[in-house]
Amino acid sequence: MKTPTKITIIVIAAVIAVVIGAILVTMWNRPPAPAPDAGDGSFPGTRSNTHVLDDVGPEAPTLVEFLDFECEACGAFYPVIEQIREQYRGKINYAIRYFPIPSHFNSMNAAVAVEAAAQQGKLEEMYHRMFATQAEWGEGQSSEAERFRGFAEDLGLDMAAYDAAVADPATQARVEEDYNDGLAWSVQGTPTFFLDGEKLELTQLSDLTDALDSAITD
(Lines give C-alpha, C1' and ligand atoms only; values in the text may rest on other atoms or scores of the structure.)
Protein backbone atom coordinates (compact mmCIF):
# COMPACT_ATOMS: atom_id res chain seq x y z
CA MET A 1 0.00 0.00 0.00
CA LYS A 2 1.40 3.39 -0.99
CA THR A 3 2.20 5.92 1.72
CA PRO A 4 -0.41 8.56 0.62
CA THR A 5 -3.12 5.88 0.73
CA LYS A 6 -2.04 4.85 4.23
CA ILE A 7 -2.18 8.46 5.38
CA THR A 8 -5.68 8.90 3.92
CA ILE A 9 -6.95 5.79 5.71
CA ILE A 10 -5.40 6.92 8.98
CA VAL A 11 -6.99 10.37 8.67
CA ILE A 12 -10.41 8.90 7.90
CA ALA A 13 -10.14 6.52 10.84
CA ALA A 14 -9.18 9.40 13.11
CA VAL A 15 -12.14 11.48 11.95
CA ILE A 16 -14.50 8.57 12.54
CA ALA A 17 -13.07 8.08 16.03
CA VAL A 18 -13.57 11.75 16.84
CA VAL A 19 -17.18 11.66 15.60
CA ILE A 20 -17.97 8.53 17.60
CA GLY A 21 -16.36 10.08 20.66
CA ALA A 22 -18.43 13.23 20.26
CA ILE A 23 -21.61 11.16 19.99
CA LEU A 24 -20.76 9.22 23.15
CA VAL A 25 -19.98 12.42 25.07
CA THR A 26 -23.29 13.89 23.95
CA MET A 27 -25.17 10.78 25.09
CA TRP A 28 -23.40 10.71 28.44
CA ASN A 29 -24.10 14.40 29.03
CA ARG A 30 -27.70 14.27 27.80
CA PRO A 31 -30.16 15.28 30.56
CA PRO A 32 -32.55 12.57 31.73
CA ALA A 33 -35.81 12.25 29.84
CA PRO A 34 -38.59 14.33 31.39
CA ALA A 35 -41.26 12.61 33.42
CA PRO A 36 -44.44 11.69 31.52
CA ASP A 37 -46.79 14.62 31.06
CA ALA A 38 -49.39 14.53 33.82
CA GLY A 39 -51.91 16.11 31.50
CA ASP A 40 -53.79 19.37 31.56
CA GLY A 41 -56.75 18.32 33.69
CA SER A 42 -57.83 19.59 37.08
CA PHE A 43 -56.49 16.47 38.80
CA PRO A 44 -53.13 14.64 38.64
CA GLY A 45 -53.00 12.10 35.84
CA THR A 46 -55.91 13.58 33.92
CA ARG A 47 -56.54 15.75 30.91
CA SER A 48 -59.24 18.34 30.48
CA ASN A 49 -61.41 15.73 28.73
CA THR A 50 -60.79 12.89 31.20
CA HIS A 51 -63.94 11.30 32.59
CA VAL A 52 -64.06 11.92 36.34
CA LEU A 53 -66.76 9.74 37.87
CA ASP A 54 -66.29 10.99 41.44
CA ASP A 55 -65.31 14.65 41.76
CA VAL A 56 -64.60 15.81 45.30
CA GLY A 57 -62.25 18.64 44.41
CA PRO A 58 -58.57 19.36 43.82
CA GLU A 59 -57.67 19.08 47.49
CA ALA A 60 -58.70 15.40 47.61
CA PRO A 61 -56.50 12.51 46.43
CA THR A 62 -57.13 11.43 42.84
CA LEU A 63 -57.29 7.77 41.80
CA VAL A 64 -57.03 7.19 38.04
CA GLU A 65 -57.72 3.78 36.51
CA PHE A 66 -56.53 2.81 33.04
CA LEU A 67 -58.98 0.11 31.96
CA ASP A 68 -60.07 -2.14 29.13
CA PHE A 69 -63.76 -3.10 29.07
CA GLU A 70 -62.93 -6.53 27.62
CA CYS A 71 -60.17 -7.28 30.12
CA GLU A 72 -61.19 -10.11 32.47
CA ALA A 73 -59.03 -8.69 35.25
CA CYS A 74 -60.81 -5.34 34.91
CA GLY A 75 -64.13 -7.14 35.00
CA ALA A 76 -63.13 -9.00 38.15
CA PHE A 77 -61.89 -5.78 39.74
CA TYR A 78 -64.98 -3.79 38.76
CA PRO A 79 -67.12 -4.73 41.82
CA VAL A 80 -64.13 -4.09 44.06
CA ILE A 81 -63.69 -0.62 42.60
CA GLU A 82 -67.39 0.07 43.04
CA GLN A 83 -67.06 -0.94 46.68
CA ILE A 84 -64.02 1.31 47.09
CA ARG A 85 -65.85 4.20 45.45
CA GLU A 86 -68.63 3.77 48.00
CA GLN A 87 -66.22 3.33 50.91
CA TYR A 88 -64.30 6.48 50.02
CA ARG A 89 -67.21 8.51 48.71
CA GLY A 90 -66.64 12.20 49.40
CA LYS A 91 -62.95 11.57 50.14
CA ILE A 92 -61.32 10.85 46.77
CA ASN A 93 -61.62 11.75 43.12
CA TYR A 94 -61.96 8.77 40.80
CA ALA A 95 -61.34 8.97 37.06
CA ILE A 96 -61.19 6.41 34.27
CA ARG A 97 -59.00 6.41 31.19
CA TYR A 98 -59.28 4.10 28.22
CA PHE A 99 -56.58 1.52 27.52
CA PRO A 100 -58.02 -0.93 24.97
CA ILE A 101 -55.52 -3.77 24.63
CA PRO A 102 -54.99 -4.50 20.91
CA SER A 103 -55.24 -8.29 21.36
CA HIS A 104 -58.82 -7.92 22.65
CA PHE A 105 -61.04 -7.96 19.58
CA ASN A 106 -63.83 -5.74 20.94
CA SER A 107 -61.92 -3.57 23.38
CA MET A 108 -61.82 -0.61 21.00
CA ASN A 109 -65.46 -1.12 19.96
CA ALA A 110 -66.44 -1.05 23.63
CA ALA A 111 -64.38 2.04 24.42
CA VAL A 112 -65.80 3.89 21.41
CA ALA A 113 -69.33 2.95 22.48
CA VAL A 114 -68.69 4.26 25.98
CA GLU A 115 -67.18 7.46 24.61
CA ALA A 116 -70.18 7.92 22.29
CA ALA A 117 -72.48 7.50 25.29
CA ALA A 118 -70.36 9.99 27.23
CA GLN A 119 -71.10 12.60 24.58
CA GLN A 120 -74.74 12.32 25.65
CA GLY A 121 -74.02 12.38 29.38
CA LYS A 122 -74.40 8.61 29.82
CA LEU A 123 -70.82 7.51 30.33
CA GLU A 124 -71.27 5.92 33.73
CA GLU A 125 -74.41 4.07 32.69
CA MET A 126 -72.61 2.57 29.68
CA TYR A 127 -69.53 1.89 31.82
CA HIS A 128 -71.65 -0.18 34.21
CA ARG A 129 -73.40 -1.99 31.34
CA MET A 130 -70.11 -3.02 29.75
CA PHE A 131 -68.76 -4.65 32.87
CA ALA A 132 -72.09 -6.16 33.90
CA THR A 133 -72.31 -7.99 30.55
CA GLN A 134 -68.63 -8.64 29.88
CA ALA A 135 -68.99 -12.41 30.34
CA GLU A 136 -71.54 -12.46 27.49
CA TRP A 137 -69.35 -10.84 24.84
CA GLY A 138 -65.76 -10.80 26.03
CA GLU A 139 -63.07 -12.87 24.33
CA GLY A 140 -65.11 -13.16 21.12
CA GLN A 141 -63.65 -12.84 17.64
CA SER A 142 -66.48 -11.03 15.91
CA SER A 143 -67.67 -7.45 16.24
CA GLU A 144 -70.04 -6.68 19.10
CA ALA A 145 -70.77 -3.18 17.85
CA GLU A 146 -74.46 -4.02 17.35
CA ARG A 147 -74.74 -5.36 20.89
CA PHE A 148 -73.22 -2.14 22.19
CA ARG A 149 -75.63 -0.16 20.02
CA GLY A 150 -78.42 -2.08 21.75
CA PHE A 151 -77.04 -0.95 25.10
CA ALA A 152 -77.26 2.63 23.82
CA GLU A 153 -80.89 2.11 22.83
CA ASP A 154 -81.69 0.65 26.25
CA LEU A 155 -80.20 3.75 27.86
CA GLY A 156 -82.47 5.96 25.77
CA LEU A 157 -79.73 7.67 23.80
CA ASP A 158 -80.37 9.67 20.66
CA MET A 159 -79.41 6.91 18.24
CA ALA A 160 -78.69 9.18 15.29
CA ALA A 161 -76.22 11.10 17.44
CA TYR A 162 -74.80 7.86 18.84
CA ASP A 163 -74.27 6.37 15.37
CA ALA A 164 -72.64 9.59 14.19
CA ALA A 165 -70.29 9.58 17.18
CA VAL A 166 -69.30 5.95 16.65
CA ALA A 167 -68.58 6.63 12.98
CA ASP A 168 -66.65 9.83 13.69
CA PRO A 169 -62.86 9.20 13.68
CA ALA A 170 -62.55 11.82 16.41
CA THR A 171 -64.27 9.47 18.86
CA GLN A 172 -61.68 6.75 18.38
CA ALA A 173 -58.97 9.40 18.44
CA ARG A 174 -60.21 10.42 21.89
CA VAL A 175 -59.83 6.81 23.07
CA GLU A 176 -56.38 6.57 21.51
CA GLU A 177 -55.32 9.74 23.32
CA ASP A 178 -55.83 7.96 26.63
CA TYR A 179 -54.11 4.84 25.31
CA ASN A 180 -51.06 6.81 24.18
CA ASP A 181 -50.87 8.59 27.52
CA GLY A 182 -50.97 5.17 29.18
CA LEU A 183 -48.03 4.00 27.08
CA ALA A 184 -46.11 7.14 28.07
CA TRP A 185 -46.87 6.30 31.70
CA SER A 186 -45.53 2.75 31.24
CA VAL A 187 -48.95 1.14 31.49
CA GLN A 188 -48.46 -2.44 30.30
CA GLY A 189 -51.73 -4.06 31.29
CA THR A 190 -55.07 -3.39 32.87
CA PRO A 191 -56.26 -2.41 35.34
CA THR A 192 -53.43 -0.02 36.19
CA PHE A 193 -53.92 2.61 38.88
CA PHE A 194 -52.29 5.96 39.52
CA LEU A 195 -52.73 7.84 42.77
CA ASP A 196 -52.00 11.55 42.52
CA GLY A 197 -49.97 10.86 39.38
CA GLU A 198 -47.89 8.05 40.86
CA LYS A 199 -48.24 4.53 39.51
CA LEU A 200 -49.32 2.02 42.15
CA GLU A 201 -47.72 -1.42 42.29
CA LEU A 202 -50.39 -3.66 43.78
CA THR A 203 -49.90 -7.18 45.05
CA GLN A 204 -53.09 -7.32 47.11
CA LEU A 205 -56.21 -5.22 47.61
CA SER A 206 -54.98 -3.77 50.88
CA ASP A 207 -52.13 -2.11 48.97
CA LEU A 208 -54.71 0.07 47.23
CA THR A 209 -56.72 0.91 50.32
CA ASP A 210 -53.55 1.53 52.34
CA ALA A 211 -52.36 3.96 49.68
CA LEU A 212 -55.73 5.74 49.68
CA ASP A 213 -55.79 5.95 53.47
CA SER A 214 -52.26 7.37 53.51
CA ALA A 215 -53.12 9.95 50.83
CA ILE A 216 -56.22 11.07 52.68
CA THR A 217 -54.39 11.59 55.97
CA ASP A 218 -51.37 13.38 54.44
Q: Report yes or no: do Val175 and Met130 belong to one cluster of Ile/Leu/Val/Met/Phe/Trp/Tyr joined by side chain heavy-atom distances under 4.5 Å?
A: yes
Q) Looking at Tyr94, is Arg85 sitting on its ring face, NZ or CZ under 6.0 Å from the six-membered ring centre and within 45 degrees of the normal? A) no
Q | Within-4.5 Å side-chain heavy-atom neighbours: Glu72 and Glu139 | A | yes
Q. Can you find a pair of side-chain heavy atoms, one from Ile92 and one from Ile216, that are under 4.5 Å apart?
A. yes
Q. Is the shortest heavy-atom distance from the side chain of Leu123 to the side chain of Ile96 under 4.5 Å?
A. yes
Q.
To the closest 0.5 Å, what do you measure between CD1 (Ile101) and OH (Tyr179)?
A. 8.0 Å
Q. Taking Thr171 for the side chain and Ala165 for the main chain, is one N or O donor matched with an acceptor at less than 3.5 Å?
A. yes
Q: Indicate whether any N or O donor in one side chain lies under 3.5 Å from an N or O acceptor in the other, for Gln83 and Gln87.
A: no
(Q) Using the rule given for salt bridge (Lys or Arg N to Asp or Glu O under 4.0 Å), can you reason through Asp163 versus Arg149, listing the C-alpha separation, both sets of side-chain angles and the distance that settles it, and then say yes or no? (A) CA-CA 8 Å; Asp163 290 339; Arg149 188 178 190 277; 2.7 Å; yes
Q) Out of curiosity, Ile84 CD1 to Glu86 CD, how far, rounded to the nearest 0.5 Å? A) 12.0 Å
Q) For Tyr162 and Ala113, which heavy atoms make the closest approach, and how far apart are they? A) OH-CB, 3.3 Å
**Q.** Residue pair Pro191 / Glu65: nearest heavy atoms and the distance that separates them
**A.** CB-OE2, 3.3 Å
Q. Between the side chain of Arg174 and the main-chain N/O of Asn49, is any donor-acceptor distance below 3.5 Å?
A. yes
Q: Keeping the roles fixed (side chain from Arg97, backbone from Gly45), state whether a donor-acceptor pair exists under 3.5 Å.
A: yes
Q. Would you say Phe69 and Val187 are hydrophobically clustered, going by side-chain heavy atoms of ILVMFWY under 4.5 Å?
A. no
Q. So, do Thr133 and Phe151 sit near enough that their side-chain heavy atoms are less than 4.5 Å apart?
A. yes
**Q.** Close side-chain approach of Phe43 to Thr50, heavy-atom, < 4.5 Å
**A.** no
(Q) Ring-plane angle category for Trp185 and Phe194, please: parallel below 30°, perpendicular beyond 60°, tilted otherwise. (A) perpendicular
Q) Can you check whether Asp158's main-chain N or O pairs, donor with acceptor, with Gln120's side chain at less than 3.5 Å? A) yes
(Q) To the closest 0.5 Å, what do you measure between CG (Asp181) and CZ (Phe99)? (A) 10.5 Å
Q) Is Thr192 reaching over with its side chain to a backbone N or O of Gly189, donor-acceptor style, under 3.5 angstrom? A) yes
**Q.** Nearest heavy atoms of Gln134 and Glu70, plus distance in Å
**A.** NE2-C, 3.4 Å
**Q.** pair His128-Tyr78: side-chain heavy atoms closer than 4.5 Å
**A.** yes
Q) Do His51 and Glu124 have a side chain donor and acceptor closer than 3.5 Å? A) no
Q) For the residue pair Pro44 and Val64, what are the closest heavy atoms and their distance? A) O-CG2, 3.7 Å
Q: Taking all non-hydrogen atoms of both residues into account, name the closest pair between Ser42 and Pro58 and its distance.
A: O-CB, 4.5 Å
(Q) Is there a path of hydrophobic side-chain contacts, each under 4.5 Å between heavy atoms of I/L/V/M/F/W/Y residues, joining Val114 to Trp137? (A) yes
(Q) Treating Asp154 as the side-chain partner and Gly156 as the backbone partner, does any N or O pair qualify as donor plus acceptor under 3.5 Å? (A) no
Q.
Quick check on the hydrophobic clustering: are Leu63 and Tyr127 connected, directly or via other members, by side-chain heavy-atom contacts under 4.5 Å?
A. yes
Q. If we only count heavy atoms from C-beta on, is the Glu176 to Met108 side-chain gap below 4.5 Å?
A. yes
(Q) With side-chain contact (heavy atoms from CB on, under 4.5 Å) as the criterion, how do Leu208 and Leu200 come out once you've worked through the C-alpha distance, each side chain's angles and the decisive distance to 0.1 Å? (A) CA-CA 8 Å; Leu208 178 53; Leu200 297 179; 3.6 Å; yes
(Q) Is it the case that the side chain of Asn93 and the backbone of Val56 share a donor-acceptor pair, with hydrogens and angles ignored and the cut-off at 3.5 Å? (A) yes
Q. Are the side chains of Leu195 and Leu212 in touch, meaning some heavy atoms are under 4.5 Å apart?
A. yes
**Q.** For Gly75 against Pro79, the heavy-atom pair lying closest together
**A.** O-CD, 3.4 Å
Q) To the nearest 0.5 Å, how far apart are NE2 in His104 and CG in Asn109? A) 13.5 Å
**Q.** Backbone of Gly138 reached by a side-chain donor or acceptor of Asn106 within 3.5 Å
**A.** no
Q.
Rounded to the nearest 0.5 Å, what separates atom CG in Leu155 from atom NZ in Lys122?
A. 6.5 Å
Q: Calculate, to the nearest 0.5 Å, the distance between atoms CG and OG belonging to Asp68 and Ser107 respectively.
A: 4.5 Å
Q) Would Phe66 and Leu202 show up in the same hydrophobic cluster when neighbours are defined by side-chain heavy atoms closer than 4.5 Å? A) no
